[in-house]
There are 2 protein chains.
Amino acid sequence: MISKKTKYGLKALIYLARQYEQGPILIADLARDENIPKKFLEAILLALKNSGILQSRKGKGGGYYLGRSPRLITMGQAIRVMEGPLAPVPCVSETAYAKCTECGNENTCGIRLVMKDVRDAIAQILDNTTLADVLNRVDHAELSEKNVIDFCI
Amino acid sequence: MISKKTKYGLKALIYLARQYEQGPILIADLARDENIPKKFLEAILLALKNSGILQSRKGKGGGYYLGRSPRLITMGQAIRVMEGPLAPVPCVSETAYAKCTECGNENTCGIRLVMKDVRDAIAQILDNTTLADVLNRVDHAELSEKNVIDFCI
DNA sequence: TTTAAAACCTATCAAATCTGTAGACTAAAC
DNA sequence: GTTTAGTCTACAGATTTGATAGGTTTTAAA
């Protein structure tokens, strides 16, 4: 299960992706619109900025905005910033490998063999889904839901 | 990342699968052989028993053993007992659905759309990998590692 | 050049979860 | 009826999570 922090961060990124190239967005506005505790959100956005995904401007007229096109920001990149590695066990992580103290021989550890497949499946999806993809899917979903309503009327 | 509890539990299951139909195994032996704190392991095995995956016998000659064939126990079943649902967000869980307080409309939530795919990919693997499969893969891995060593000699 | 706005930083805190331990209780075998 | 071995209850320390408070720095505009 992903943490609230990660959910908040993803919601913020999607929100910012919708307004890409429309100038900086205030933390306060984002927090209000998405129902996220403002101070908590501050820390999350800061982490996303330090990782290069977001940029910011201080002072009047300032705020946060995407550091690059929504088509160049993947869910995998974002989730790793907030949640840590995608891998279920550290010994199969591509981005943050660490030896498992539990399993003796890595090459023949049954848990590792299976978890390697799981990691690859997760990464396959999240590293190939961009913020732009998410916006697209949401738009389509909203459209088809609207059609269902129209159909009912 | 899966917890130590889950790793311990999986190691115990693999250990028991290796000795399927060879009588009950003592918690103490299992704990010693796999380097798991005995009291912690007790609680884990009990949970696995209450879920029907394991069975036990008390008293002299007692111990734990698989409740059914290793070919009928999947990694998904075991992990759900110890770690909870496979789904990254509760609103896409098939076995433990719960509404997400964060997303307003479930049908059009971008996070949910992506996480549904992730859940399905994880479940696809873990619900189709049995303990018998794991033993097989480990055996093959050990064999090919042995061959590498032989080749070096 | 002051002033207001807004991000940035530090510290702290309560609650929950994770990991592990201690000791008494119950059931089965001999 | 004594030994064996799983079962139950309680607890405790460590870590993580989610959230708050208050001050500092940068920037734009009055």
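Throughout, protein chains are lettered first and strands after them, A, B, ... in sequence-line order, and every chain is numbered starting at 1.
Regarding A:Phe40, its CZ atom lies at a distance of 16 Å from the C1' atom of D:dA21, rounded to whole Å. Taking atom CG on A:Leu45 and atom P on C:dC9, their separation rounds to 13 Å, with Å as the unit. Spacing between atom CD1 of A:Ile44 and atom P of C:dA7 amounts to 14 Å, rounded to whole angstrom units. With rounding to whole Å, B:Leu16 atom CG is found 11 Å from D:dG6 atom P. One can place CZ of A:Arg57 at 12 Å from C1' of C:dA7, the figure rounded to the nearest angstrom. In this structure, the CG atom of B:Asp29 is 13 Å from the C1' atom of D:dT4, given to the nearest Å. The nearest whole Å value for the distance from the CD1 atom in B:Ile2 to the P atom in C:dT17 is 19 Å. In this structure, NZ of A:Lys38 is placed 12 Å from P of C:dA5, rounded to the nearest angstrom.
Salt-bridge formation is not detected for the pair B:Lys38/B:Asp29: no Lys NZ or Arg NE/NH1/NH2 atom is positioned less than 4.0 Å from an Asp or Glu carboxylate oxygen. A salt bridge does not link A:Arg137 with A:Asp133: every distance from a Lys NZ or Arg NE/NH1/NH2 to an Asp or Glu carboxylate oxygen is 4.0 Å or more. A salt bridge is defined here as a Lys NZ or Arg NE, NH1 or NH2 lying under 4.0 Å from an Asp or Glu carboxylate O, and B:Glu106 with B:Lys99 fails to meet this definition. Under a 4.0 Å N-O distance rule, the pair A:Asp139/A:Arg18 qualifies as a salt bridge.
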Stepwise salt bridge (charged side-chain N to carboxylate O under 4.0 Å, His left out) test for A:Asp33 and A:Lys11: CA-CA 10 Å; A:Asp33 290 357; A:Lys11 288 184 81 174; over 6 Å; no
Any chance you could lay out the side chain to side chain contact (heavy atoms under 4.5 Å, CB included) test for B:Gln124 and B:Asn128, step after step, and finish with the verdict? CA-CA 6 Å; B:Gln124 166 63 26; B:Asn128 289 294; 3.8 Å; yes
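Residue-environment remark: CZ (B:Arg71) stays at or below the threshold of 12 foreign heavy atoms within 6.0 Å. Counting non-hydrogen atoms of other residues, nucleotides and ligands closer than 6.0 Å to NZ of A:Lys5 gives a total of 12 or fewer.
The residue B:Leu26 sits close only to the backbone: its heavy atoms come under 4.0 Å of sugar-phosphate atoms, none of a base. Within 4.0 Å (heavy atoms only), B:Ile27 reaches sugar-phosphate atoms of the nucleic acid but no base atom. Among the heavy atoms of the strands lying under 4.0 Å from A:Ile25 are primed sugar atoms or P, OP1, OP2 only; no base atom is included.
For the atom pair CD (A:Glu142) and SG (B:Cys109), the distance works out to 10.5 Å, reported to the nearest 0.5 Å.
Map A:Lys4 and B:Gly61 each onto its nearest nucleotide of DNA chain D; the residue landing nearer the 5' end is B:Gly61.
Close to C:dG20, at under 4.0 Å from its OP1 or OP2, lies a side-chain N or O of B:Tyr8. Considering only side-chain N and O atoms, B:Ser3 lies under 4.0 angstrom from the phosphate OP1 or OP2 of C:dT19.
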Do any N or O atoms of the protein come closer than 3.5 Å to N or O atoms of nucleotides 23-27 of chain C, and which pairs are they?
{"unit_1": "C:dG23", "atom_1": "O6", "unit_2": "B:Lys39", "atom_2": "NZ", "d": "2.4"}
{"unit_1": "C:dA27", "atom_1": "O4'", "unit_2": "B:Lys58", "atom_2": "NZ", "d": "3.4"}

Could you go through nucleotides 11-15 of chain D and list every protein N or O atom that sits under 3.5 Å from one of its N or O atoms, giving the distance for each pair?
none

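When the side chains of ILVMFWY residues are joined at heavy-atom separations under 4.5 Å, either directly or via intervening members, A:Tyr15 and B:Ile111 end up in a single hydrophobic cluster.
Of the candidate nucleotides C:dC9, D:dG6, D:dG18, C:dC9 has the atom lying nearest to any side-chain atom of A:Leu46.
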